Amino acid sequence: MSLVPFDKPPFSYLQQLEQLQERGLQIPNIEKATHLLESISYYRLSGYWYPLLADKENHTFKESATFDTAFNLYCFDRELRVLIIQELEKIEVSIRAKMIYLLSHQNGAFWYQDATLFKNQNNHSKTLVSLDNEYGRSDADFIVAFRSKYSNPLPPSWMLLELTSFGTLSSLFSNLKPTRTKRNIANYFGLNENTFASWMHSIVYIRNVCAHHSRLWNRVMSIQPIKPIATRKTWLINSAVANNKTYFILSMILYLLQTINPNNSFSQRFQTLLAKYPNVDTRAMGFPSNWKEENLWKK
């Protein structure tokens, strides 16, 4: 099939609503729907009425499909992202702290500069450039104080890595050569080093999805975390679940929180959110029918 140039004109809010109605979507409150199109945009909302389509090729809706149903999915997804981002912050801070502590005590304050500790020298060089750029942009008080007192081109890891993105931290860990220290970092969180590196990479991906307000609830993840074979803490009994859906990501967060915040209420808060939006289909999120029976989710 040959490619053709895009030539569709932009629609007014009224034209957008008329098109949705022609396709079978019920819109009982035109004024409210217009306001939501103005505030959120047709294209962003379209991801939430996609599950309401009876014929996805011809874009015709099921008989019961309403604009409010789609908006409720949008609201659920927004609250889900907020719930997740709060826990990811705790996870990221904990991983950062453990890496800095163990690697600094084993290899010195400037371990991140030691090329002999890393597998891929080209990747290490790129990471150092990224670290240097982040350091150069920083106006944090502790960085300003360091520059005024010391001649080192970069500060010790416990200062510098507080400035870095979790993506940079993930790259550093993944590129470390296999050592006892690397194993100890992963083991602290109840995983082997390869699985832990994979989960760190997935956290970066999920963090970006949430930060950019992208649809998450029924997303098929393009970056998929490794399924752990052996774990040191409670994990899913049902190993057949897909690792590219939201259920696996939420379970992954719950697993890590056993180390970081053992008395967390993440499962309860998620279930409260589900109760608030009873029309949300958990199967679209990858949840099996017996997920509430998993010990991980009972914690």
Side-chain angles (χ1 to χ4, degrees), residues 3-89 202-224 242 244-250 253 266 269-287 291:
L3 300 177
V4 298
F6 183 88
D7 61 356
K8 295 180 180 179
F11 276 14
S12 67
Y13 298 126
L14 180 59
Q15 288 174 316
Q16 291 171 12
L17 292 174
E18 287 175 345
Q19 178 174 264
L20 289 171
Q21 288 177 317
E22 288 170 1
R23 292 175 174 176
L25 186 65
Q26 298 175 35
I27 311 176
N29 190 330
I30 296 296
E31 183 178 355
K32 176 185 176 182
T34 302
H35 173 73
L36 291 174
L37 289 178
E38 288 181 303
S39 302
I40 301 172
S41 89
Y42 179 101
Y43 196 74
R44 182 176 291 275
L45 284 171
S46 67
Y48 300 94
W49 55 61
Y50 186 79
L52 308 180
L53 293 172
D55 185 337
K56 291 176 170 55
E57 185 174 345
N58 294 309
H59 305 285
T60 55
F61 289 93
K62 301 172 185 176
E63 288 186 10
S64 59
T66 70
F67 193 97
D68 285 345
T69 300
F71 180 60
N72 281 337
L73 283 176
Y74 170 82
C75 292
F76 168 79
D77 196 39
R78 181 179 59 197
E79 293 189 45
L80 175 64
R81 292 195 305 270
V82 171
L83 182 66
I84 288 174
I85 208 72
Q86 291 172 342
E87 304 311 315
L88 290 186
E89 178 185 358
S202 292
I203 289 171
V204 174
Y205 169 71
I206 296 301
R207 177 70 174 80
N208 288 337
V209 169
C210 293
H212 292 95
H213 318 296
S214 300
R215 179 176 48 82
L216 176 65
W217 77 284
N218 66 342
R219 192 184 195 93
V220 176
M221 311 297 170
S222 58
I223 294 178
Q224 300 159 19
N244 64 347
K245 302 290 284 186
T246 305
Y247 174 66
F248 192 93
I249 299 300
L250 296 177
I253 291 171
F266 182 72
R269 284 181 286 131
F270 173 74
Q271 293 186 55
T272 299
L273 180 62
L274 276 182
K276 182 179 177 181
Y277 296 97
N279 291 331
V280 170
D281 183 4
T282 55
R283 292 173 300 178
M285 303 168 69
F287 279 72
W291 66 275

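What you see is a predicted model, and the numbers here were worked out from it, not measured in a lab. In this chain, numbering begins with 1 at the start of the sequence shown.
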Taking it one step at a time, do Arg207 and Ile84 satisfy side chain to side chain contact (heavy atoms under 4.5 Å, CB included)? CA-CA 9 Å; Arg207 177 70 174 80; Ile84 288 174; over 6 Å; no
Are Ile40 and Arg78 side-chain neighbours, meaning at least one heavy-atom pair lies under 4.5 Å? no
For the residue pair Lys276 and Phe76, would you count it as a cation-pi contact if the rule is NZ or CZ under 6.0 angstrom from the ring centre and within 45 degrees of the ring axis? no
Is the backbone of Thr60 close enough, under 3.5 Å, to the side chain of Asn58 for a donor and an acceptor to pair up by distance? no
Does Glu38 have more than 12 heavy atoms from other residues, nucleotides or ligands lying within 6.0 Å of its CD? yes
So Glu87 and Leu250, do their side chains get closer than 4.5 Å, heavy atoms only? no
So, Arg219 side chain and Ser214 main chain: donor-acceptor pair closer than 3.5 Å or not? no
Of Thr69, Leu52, Asp55, Thr66, the one forming a side chain to side chain contact (heavy atoms under 4.5 Å, CB included) with Phe61 is Leu52
Taking the six-membered ring for Trp, are the ring centroids of Tyr48 and Tyr277 within less than 6.0 Å of each other? no
Return the CD1 to SG distance between Ile203 and Cys210, rounded to the nearest 0.5 Å. 11.5 Å
With a 4.5 Å heavy-atom cut-off, do Arg215 and Val209 have their side chains touching? no
Distance-only, no hydrogens or angles: does the Arg81 side chain make a donor-acceptor pair with backbone N or O of His212 under 3.5 Å? no
Heavy-atom closest pair (Lys245 atom, Asn218 atom, distance to 0.1 Å) is NZ-O, 3.4 Å
Residue pair Trp49, Tyr42: steps toward the ring pair (Phe, Tyr, Trp, His ring centres under 6.0 Å) verdict: CA-CA 10 Å; Trp49 55 61; Tyr42 179 101; 5.1 Å; yes
With rounding to the nearest 0.5 Å, note down the distance linking CG in Leu17 to CG in Leu25. 9.0 Å
Judged by atom type as modelled, is there a donor-acceptor pair below 3.5 Å linking the side chain of Asp77 to the main-chain atoms of Leu216? yes
Pairing residues for Asp68 by the salt bridge (Lys or Arg N to Asp or Glu O under 4.0 Å) criterion, not counting sequence neighbours: Lys32
Indicate the atoms forming the closest heavy-atom contact of Trp291 with Leu274, along with that distance. CZ2-CD1, 3.8 Å
Residue Glu18 excluded, over 12 heavy atoms near CD under 6.0 Å: yes
Nearest 0.5 Å, please: how far is CD in Gln19 from CZ in Phe11? 5.0 Å
Heavy-atom nearest pair, Ala242 first then Phe248, reads O-CB, 3.4 Å
Can you confirm whether Tyr74 sits close enough to Leu36 that some side-chain heavy atom of one is under 4.5 Å from a side-chain heavy atom of the other? no
Should the ring pair Tyr247 and Phe287 be called parallel, tilted or perpendicular, given that the plane angle runs from 0 to 90° and is split at 30 and 60? tilted
From Leu80 atom CG to Leu73 atom CG, the distance as rounded to the nearest 0.5 Å: 11.5 Å
Is there a donor-acceptor contact under 3.5 Å from the side chain of Gln224 to the main chain of Asn244? no
Tell me, do Arg23 and Leu53 make a side-chain contact under 4.5 Å, heavy atoms counted? no
Side chain to side chain, Phe67 and Leu45, heavy atoms closer than 4.5 Å: yes
Are any non-hydrogen side-chain atoms of Ile223 and Ile206 less than 4.5 angstrom apart? no
Taking atom CZ as the centre, does Arg269 end up with more than 12 heavy-atom neighbours from other residues, nucleotides or ligands that are less than 6.0 angstrom away? yes
